[in-house]
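For reference, the structure discussed in these notes is given below.
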Amino acid sequence: MKIVRMNAENKRNLLQDLLKRSPNNYGQYEDTVAKIVADVRQNGDAALFSYTKQFDRCEIAPDTIRVTYEEIEEAYGKVDGRLVEVMKRSAANIRAFHEKQVRNSWFSPKEDGTILGMKHTPIASAGVYAPGGKAAYPSSVLMNVIPAKVAGVERIILATPPGADGKITPTTLVAADIAGIDEVYRMGGAQAIAAMAFGTQSVPKVDKITGPGNIFVALAKKACFGYVGIDSIAGPSEILVIADESANPRYVAADLLSQAEHDELASAILITDSMPLAEAVSKQVGQFVEGLSRKEIIQKSLDNYGYILLVEDLEEAAAVANDIASEHLEILTRDPFALMTKIKNAGAIFLGEYSSEPLGDYFAGPNHVLPTNGTARFFSPLNVDDFMKKTSIISYSRDALEAIHEDIECFAENEGLTAHANSIKVRFE
């Protein structure tokens, strides 16, 4: 891996380099996606079925697009029993964590007759997208469906692309069933996002769409935003590790590679104040890569977006980490909890050498749908609130309004909105 001594110019170049990975920089595909979205919006099933035949080489129809209960039962027979039990335990952890996020409606009455409050209501329906085939991630199905269930969403549907034989990846179906999905539809790509955003003759319109996908899925979510809510326009995966001389270089190297294997655009960065550690990690990375199944993808990821950044001290390490605002941040230092207090921007923080990133991906419970490409500066992990609406409640008595009605009229008249002012004024004429 490249070892770079950190300075202002290097940091600026690094941030610009990382931002090139954002889906917002793939404008060459936007016209294609826009045409697909518009076609599905206008022509419904006809367009959806046509694109499924074109891209997935699968014939579907109104009576076959929805996965049957028998198919889900059959999927259980094709998935290793141990994996089924692991997914159930993972689901229990995810559910328990997200149940702690639930917030109740609240009301604040005052003696003058004023009542203010916030009403929390789950959205009525949600659509979850799950990639298929070799890119199937049942863990993501759990992470997207369970928060919606905890929030109380009445109808949750899953869209996932079929194989040429019309079959759905068995692990995806089992994970969806464990999570409590209501309906599963065999459809993928930008056309599936459009179908859920606008509805077709066979696919219900939903209020929000979440879940990972390729660049066409990401751009389709972007194109449909506003007609429907979305979780985010996610970019390639990324990990940042802050480590000092006390860290085990084998652990650091292994953790960096855990994200580099996702795809060629994935980013893996180590920030350290120890040159011996930097050199040991670089050497260990090379040794590990040779024995890993996705070594070609990993090597391209490291060549393009893999860095070891040398800083003066851990204060500077925290400052650089905040500028990068990584999706995953591991802290492998003598006192990781102390350094954590200096971190402002990160999707998820993993503390200590036994809290490696895959723990969060699969089992711990916090959501692994995280902000990428520096968006941790203003976005949060997927959570129960993403499936809730908040409605303000306002109630004033006559006495309460009378005490302040002239203030409101003054404000409204200053803005030139005399009808606003009159709406208050008429009540005290």
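Numbering starts at 1 and runs along the sequence shown.
Within 6.0 Å of CZ in Phe363 there are more than 12 heavy atoms belonging to other residues, nucleotides or ligands. The 12-atom threshold is exceeded at CD of Glu70, counting heavy atoms of other residues, nucleotides or ligands nearer than 6.0 Å. Applying the 6.0 Å contact sphere to NZ of Lys53 captures no more than 12 heavy atoms from other residues, nucleotides or ligands. Atom CD of Glu296 sits in a sparse spot, with 12 or fewer heavy atoms from other residues, nucleotides or ligands closer than 6.0 Å. Within 6.0 Å of the OH atom in Tyr227, the count of heavy atoms belonging to other residues, nucleotides or ligands does not exceed 12. For Glu99, the CD atom is densely surrounded, since the number of other residues' heavy atoms within 6.0 Å is greater than 12. Counting heavy atoms of neighbouring residues, nucleotides and ligands inside a 6.0 Å radius, atom CZ of Arg294 exceeds 12 of them.
Here Arg82 does not pair with Glu85 in a salt bridge; the nearest charged N to carboxylate O distance is not below 4.0 Å. For the pair Arg186 and Glu71, the salt-bridge criterion is met [side-chain N within less than 4.0 Å of a carboxylate O]. A salt bridge links Lys78 with Glu74: the distance from a Lys NZ or Arg NE/NH1/NH2 to an Asp or Glu carboxylate oxygen falls below 4.0 Å. Under the 4.0 Å criterion applied to side-chain N and carboxylate O atoms, Lys295 and Glu261 are not assigned as salt-bridge partners. No salt bridge links Asp207 with Lys389; every basic N to acidic carboxylate O contact stays at or beyond 4.0 Å.
Between Ala159 and Ala192, the shortest heavy-atom distance links the atoms CB-CB, 4.2 Å. Taking each heavy atom of Ser258 and Asp255 in turn, the nearest pair found is OG-O, 2.6 Å. What you find for Ala197 and Val228 is that their closest heavy atoms are CB-CG1, 3.8 Å. The minimum heavy-atom distance between Glu183 and Pro204, with the atom names listed, is OE1-CG, 4.0 Å. Looking at every heavy atom in both residues, Asp56 comes nearest to Gly188 through OD2-N, 4.2 Å. The two atoms that bring Ala175 and Leu142 nearest to each other are O-CD2, 3.5 Å, heavy atoms only.
Judged purely by distance below 3.5 Å, without hydrogens or angles, the side chains of Ser274 and Asp244 never pair a donor atom with an acceptor atom. Side chain to side chain, Asp39 and Tyr51 meet the donor-acceptor criterion of an N or O pair below 3.5 Å. Side-chain polar atoms of Gln259 and Glu238 form no donor-acceptor pair below 3.5 angstrom.
If you take OG on Ser108 and CD1 on Ile115, they are separated by 9.5 Å, rounding to the nearest 0.5 Å. Here the NE2-OG distance, from His120 to Ser105, works out to 5.5 Å after rounding to the nearest 0.5 Å. The CG atom of Asn7 sits 8.5 Å away from the CZ atom of Arg12 when rounded to the nearest 0.5 Å.
Each of Leu314, Leu309, Thr333 was compared with Asp273 under the side chain to side chain contact (heavy atoms under 4.5 Å, CB included) criterion, and only Leu314 meets it.
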Handout entry: Check against salt bridge (charged side-chain N to carboxylate O under 4.0 Å, His left out), Lys221 and Asp231
Key = CA-CA 9 Å; Lys221 288 164 72 175; Asp231 49 354; 2.7 Å; yes
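The side-chain tip of Arg250 does not point at the ring of Phe288 from less than 6.0 angstrom away and within 45° of straight on.
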